[in-house]
Each structure stands twice: as C-alpha cells, then as structure tokens.
Amino acid sequence: MFGRTFPALECAACILTPKMVAASQHDRIKLLTNSELVQVLGKAGSYRARILKKARYVDEKGCVACGLCSEACPVTVPSAFDAGITTRKAIYLPFQQAVPNSFLVDAANCLYQTNQTCGACARKCPNGCVNLDEKDEVIEIAVGSIVMATGYDVLDVHKIGRYGYGKHPNVLTALEFERLTNDSGPTGGRIVCRTQKFSGSAMPAEWTFNPLGVSPRRIAIIHCVGSRDANHNRYCSQVCCMYSLKFAHLVKEKLPDAVCYEFYIDLRAFGKGYEEFAERIRQEGTFMVRGRSTSVTESGNGLVIRGEDIMSDRLRISGRYGSAGYWSDSGARERRTEQNSGHRLRCGRVVYGA
Ligand SMILES: Cc1cc2nc3c(=O)[nH]c(=O)nc-3n(C[C@H](O)[C@H](O)[C@H](O)COP(=O)(O)OP(=O)(O)OC[C@H]3O[C@@H](n4cnc5c(N)ncnc54)[C@H](O)[C@@H]3O)c2cc1C
Ligand code: SF4
Ligand code: SF4
C-alpha cells in the first residue's frame with residue numbers, strides 16, 4: 001500500500017515484492033494466503049496450529065490474471081487496498097504484485113455466494129479456473145515455534161466526529177492519503193482534492209479523485225488522532241509522527257508551492273535517523289504547530305481547523321477546500337502572520353490524516 005517509507009524514503013514495493021516472491025518460491029517455506037490462524041493447541045516445541053483456509057473460488061495455479069472474469073462481474077465495492085478511495089469488483093486481484101498472482105472472489109459481496117445467482121465470472125474464464133462452489137477448510141499443522149506478527153489495525157475515524165471525517169469529503173485518513181500520494185495509486189501520485197463527478201443521470205454526484213483535478217494549496221496534517229486519548233486508545237501508535245513527517249515531505253516534493261502544517265502534541269522521533277528526518281522536514285518549510293487540534297468544520301469558503309498552539313497562542317485556520325491532515329510545528333514566520341491576522345490562517349485546502 002505504501003509508496004515511500006520513512007526515514008530513508010525508500011520504495012516500499014521495491015523492498016517487499018522481491019521478498020514476497022522469494023518466500024513463495026522457497027522450497028522450505030509453505031505460504032498460506034487468504035488464511036487465518038484460529039487456534040493454537042499444545043505447548044512449546046510441539047504446537048498444533050489450526051488454520052482456516054478460506055475458499056478462493058479460483059484455482060491459483062490455473063489463473064493467468066487476465067482479468068476477464070473481473071470485467072464480467074457486475075458487483076463493485078470499495079477497494080481495501082486503495083483504502084476505499086477507489087473501487088474493485090467482487091472477483092479481483094488484491095493488488096498488481098500480489099503473491100500468488102491470482103484472482104479471488106470476495107464471498108461477502110459475490111452474488112453467487114449471497115443469492116445463488118450470477119456466475120458470470122465462471123462462464124467468462126477461458127481457463128475454467130473459477131469454482132464458485134469451493135468450500136472453506138480448516139487444516140491443522142504441527143509446529144515447534146510460532147512467531148506472532150499480527151500487526152496493527154486502524155481506528156474507525158468516524159468515532160471522532162469533531163474532525164468531520166465522512167462529512168467533509170476532503171478530510172482523509174492516513175491510509176487514504178498514502179494511496180493518494182503513491183506513484184502507482186489511483187491518481188498516479190498527484191495530490192488532488194476530491195471533487196464531485198456528475199453522471200448526468202438522477203444518481204447523486206459521486207466524490208472522486210480526478211487525476212487531472214485541482215491540487216490543494218494548503219494542507220494540514222493532524223497527529224495522534226485517537227492515540228494517547230482516554231476516549232479511544234491510551235497508547236501511542238509509535239508510527240504516526242514519522243509517517244506524518246513523510247507526508248509533509250511528499251507534499252513539498254509534489255506541490256512545492258503548497259503550504260503544509262503539522263499539528264502535534266509531542267514529536268516522537270525515536271528511531272535511527274528519525275530526528276534527522278524531522279529536522280529535514282522543518283528545513284523544507286513545513287510549519288509545525290504544537291498542541292491539540294479540536295475540530296474541523298466547514299465555513300463559507302472552505303474548511304476551518306481550530307486548535308491550540310501551546311508555543312504561542314490559540315490558532316484558527318480557514319480556507320476554501322479541504323482534504324486530509326496531520327499537523328506538527330508552526331514556523332515562526334507563519335506564526336507571526338497568524339498573530340497579525342488575529343490567529344487566523346488562510347487555508348486553500350486542508351488535509352487531515354488519522
Ligand atoms: C499510514 C501509515 C504509514 C506508514 N508509513 C510507514 C513508513 O513510511 N515507514 C515505516 O517504516 N513504517 C510505516 N508505517 C508503519 C508500518 O506500516 C508498520 O510498522 C508495519 O506494517 C508493521 O508490519 P507488521 O508485519 O508487523 O504488521 P502488519 O503490516 O499489520 O501485518 C500483519 C499481518 O498479519 C495478518 N494477521 C493478523 N491476524 C492474523 C491471524 N490470526 N491469522 C493470520 N494472519 C493474521 C494481518 O492480516 C496482516 O496482514 C506506516 C503505517 C501507517 C498506518
Ligand atoms: S459470481 Fe460473484 S464474483 Fe462472479 S461475476 Fe457474479 S458477482 Fe462477480
Ligand atoms: S478469467 Fe480466469 S484466468 Fe483470467 S483472471 Fe479470471 S480467473 Fe484468472
């Protein structure tokens with residue numbers, strides 16, 4: 001999902017995809033994809049792991065990833081890989097470099113699985129590799145040791161109503177912003193505002209990212225959304241400071257004339273090369289604002305972010321459009337402007353990330 005990674009701005013796909021292919025081809029590694037560890041029995045040295053192998057409904061060895069099944073599929077749902085900012089079909093390839101490079105059916109949305117209707121994909125596949133009657137199976141394997149690497153889960157930002165996620169189309173989560181800035185993402189890496197697409201029919205206009213759309217002039221990034229917060233997660237995510245700084249760098253690289261603000265409560269740049277990376281972002285001209293941001297609202301001409309700036313005084317930012325955001329320190333020059341104008345900053349578009 002990621003384009004470039006902090007702190008060295010390396011290409012994530014270049015690091016990960018050769019390793020995924022190597023793991024899948026290694027004669028002593030058995031890769032179980034679309035599978036979930038459901039139970040562990042036994043003791044150290046002699047565990048029995050129960051694994052739910054979910055039905056793929058596509059023979060992964062026969063599938064040549066031609067995509068004809070997907071073209072025939074009538075169901076369109078938000079793409080999890082694109083963090084919901086684009087859509088995919090109910091039969092789909094999870095992402096371009098997926099291992100195995102084979103399509104699969106999303107049973108929850110497939111009409112055959114839910115209503116016993118359709119079957120268009122099976123009829124269309126030239127290799128006869130779609131089997132819509134395949135069943136899940138539970139397998140048990142004997143293992144000596146287990147490495148747990150179950151990772152993170154994302155917070156549902158709808159729970160924090162004051163930032164207007166889901167209400168203001170240009171307030172985005174971090175993962176949505178990742179996909180927007182990704183060179184292989186839906187806009188080819190162009191940072192644009194979400195705009196309304198009218199279909200001409202009676203259907204309501206859709207909010208989409210048009211690769212040729214208008215770019216934001218001001219972007220705000222909010223750290224710690226739902227973290228270190230007694231109402232949500234008390235702990236620190238340990239990654240949002242750094243990926244927020246990475247976003248500021250990408251904004252400056254892709255939109256050199258845009259103004260970027262980061263709102264943070266503490267800057268936790270604790271790893272190797274992290275402090276240097278934070279300093280680099282300051283040097284690139286991102287304004288860092290220290291304090292809790294309290295709300296994102298719509299005004300006549302755009303979004304307004306309210307928050308405190310504990311290094312100086314209260315802060316109010318306003319603008320014409322919004323997108324998604326993360327925040328850190330505000331530069332002295334901008335802070336003076338803000339004080340001169342009664343704690344109000346003009347904001348062309350605002351980006352909020354969680
Ligand atoms: C927006 C964003 C940007 C980021 N940018 C960067 C960056 O630039 N640089 C950087 O170094 N880090 C970055 N990070 C942090 C980085 O993504 C994580 O630290 C990293 O993904 C953690 O890897 P992981 O393998 O431990 O967990 P994950 O990537 O979360 O993978 C865990 C996997 O385990 C699977 N799983 C969970 N439970 C089970 C089960 N019971 N059975 C089978 N499988 C299961 C999950 O489905 C998942 O695929 C970013 C994070 C976010 C959210
Ligand atoms: S059977 Fe399911 S996956 Fe196949 S085309 Fe119909 S809805 Fe799509
Ligand atoms: S039509 Fe068949 S071979 Fe082509 S991608 Fe779909 S399942 Fe794979």
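If you're wondering where the values come from, they're calculated on a predicted model, not measured in any experiment. Just so you know, ligand 1 is whichever comes first in the structure, and atom 1 is the first atom listed for that ligand.
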Compare all side-chain heavy atoms of Leu37 with those of Arg50 and state whether any distance is below 4.5 angstrom.
-> no
With only distance considered, is Phe247 within less than 3.5 Å of ligand 1 through an N or O on each side?
-> no
Side chains of His168 and Val296: does their closest heavy-atom pair fall under 4.5 Å?
-> yes
Answer yes or no: is there a side-chain heavy-atom contact under 4.5 Å between Thr33 and Arg56?
-> yes
Sub-4.0 Å heavy-atom contact, Ala72 with ligand 2 | no
Run the numbers for me: atoms of ligand 3, each under 4.0 Å from some heavy atom of Asn127, listed by number.
-> 3 (S)
Does NZ belonging to Lys54 count more than 12 external heavy atoms closer than 6.0 Å?
-> yes
Can you tell me which residue and heavy atom of the protein come closest to atom 4 (Fe) of ligand 3, and the distance to 0.1 Å?
-> Cys66 SG, 2.2 Å
Test ring-ring contact (aromatic ring centres under 6.0 Å, His included) applied to Tyr274 and Phe6, step by step = CA-CA 8 Å; Tyr274 287 12; Phe6 68 75; 5.4 Å; yes
Do Asn34 and Lys53 touch side chain to side chain, with heavy atoms closer than 4.5 Å?
-> no
Which of the numbered atoms in ligand 3 are below 4.0 angstrom from a heavy atom of Val64?
-> 3 (S), 8 (Fe)
Atoms of ligand 3 less than 4.0 Å from Phe103 heavy atoms?
-> 5 (S)
Output the list of atoms in ligand 1 that are nearer than 4.0 Å to some heavy atom of Glu36, sorted by atom number.
-> 40 (C), 41 (N), 42 (N), 43 (C)
Which of the atoms in ligand 1, numbered in the order shown and given with their element, are less than 4.0 Å from a heavy-atom of Leu175?
-> 1 (C)
Would the number of heavy atoms belonging to other residues, nucleotides or ligands and lying under 6.0 Å from NZ of Lys124 be above 12?
-> no
May I ask you to check if Lys246 and Phe2 form a cation-pi contact, with NZ or CZ under 6.0 angstrom from the six-membered ring centre and within 45° of the axis?
-> yes
Exactly one candidate in Glu253, Glu10, Glu178 meets salt bridge (Lys or Arg N to Asp or Glu O under 4.0 Å) with Arg4; the answer is Glu253
Identify the closest protein heavy atom to atom 8 (Fe) of ligand 3: which residue and atom is it, and at what distance?
-> Cys63 SG, 2.4 Å
Out of curiosity, is Cys121 lining ligand 3, as in a heavy atom under 4.0 Å away?
-> no
With atoms numbered from 1 as shown, which atoms in ligand 2 lie under 4.0 angstrom from a non-hydrogen atom of Leu111?
-> 2 (Fe), 7 (S)
Under 4.0 Å to a heavy atom of Cys129 - the qualifying atoms of ligand 3, by number = 2 (Fe), 3 (S)
With a cut-off of 4.0 Å, which atoms of ligand 2 are near a heavy atom of Tyr112?
-> 1 (S)
Part of Val239 with heavy atoms under 4.0 Å of ligand 1, whether side chain, backbone, both or neither = side chain
Which of the atoms in ligand 1, numbered in the order shown and given with their element, are less than 4.0 Å from a heavy-atom of Leu37?
-> 40 (C), 41 (N), 42 (N), 43 (C)
Mode of Arg4 contact toward ligand 1 - side chain, backbone, both, neither (heavy atoms, under 4.0 Å) = backbone
Taking all non-hydrogen atoms of both residues, which atom of Gly3 and which atom of Asn182 are closest, and how far apart?
-> N-ND2, 3.1 Å
State the atoms of ligand 1, each with its element, that fall below the 4.0 Å cut-off from a heavy-atom position in Lys246.
-> 5 (N), 6 (C), 7 (C), 8 (O)
Identity of the nearest option to atom 6 (Fe) of ligand 3, non-hydrogen atoms only, from Ser70, Cys69, Pro126, Cys73 = Cys69
Closest to atom 3 (S) of ligand 2 among Val130, Ile91, Asn115 (heavy-atom distance) | Ile91
Of all heavy-atom pairs linking His223 and Ser244, the shortest is NE2-CB, 3.3 Å
Option set Phe6, Phe2, Tyr152, criterion heavy-atom distance to atom 30 (O) of ligand 1, minimum = Tyr152
Side chain to side chain, Cys129 and Cys63, heavy atoms closer than 4.5 Å | yes
heavy-atom search around atom 2 (Fe) of ligand 2 in the protein gives Cys110 SG, 2.4 Å
Per atom 33 (C) of ligand 1, closest listed option by heavy atom (Ala149, Ser244, Cys240) = Ala149
Smallest heavy-atom separation, Ala72 atom then Ala120 atom, equals O-CB, 3.9 Å
Is the number of heavy atoms from other residues, nucleotides or ligands under 6.0 Å of Gln96 CD greater than 12?
-> no
Ala65 heavy atoms, cut-off 4.0 Å: which ligand 3 atoms fall inside?
-> 5 (S), 8 (Fe)
When you measure from atom 1 (S) of ligand 2 to every protein heavy atom, which one gives the shortest distance, and what is it?
-> Gly119 N, 3.3 Å
Using a strict cut-off of 4.0 Å, indicate which atoms of ligand 2 neighbour a heavy atom of Val75.
-> 7 (S)
Take Glu176 and Tyr165 through the side-chain hydrogen bond (donor to acceptor under 3.5 Å, both in side chains) test and state the conclusion after the steps.
-> CA-CA 12 Å; Glu176 289 169 342; Tyr165 178 75; 2.6 Å; yes
Would you say Pro74 touches ligand 2, if touching means a heavy atom closer than 4.0 Å?
-> yes
For ligand 1, indicate whether the residue Ser35 contacts it via side chain, backbone, both or neither (heavy-atom separation under 4.0 Å).
-> backbone
Could you check if a side-chain atom of Tyr57 sits within less than 4.5 angstrom of a side-chain atom of Asn131, using non-hydrogen atoms only?
-> no
Ligand 3 atoms in contact with Cys125 (distance to a heavy atom under 4.0 Å) | 1 (S), 2 (Fe), 3 (S), 7 (S)
Hey, are Thr294 and Arg162 close enough side-chain-wise for a donor-acceptor pair under 3.5 Å?
-> no
What are the atoms of ligand 2, with element, lying closer than 4.0 Å to any heavy atom of Leu132?
-> 1 (S)
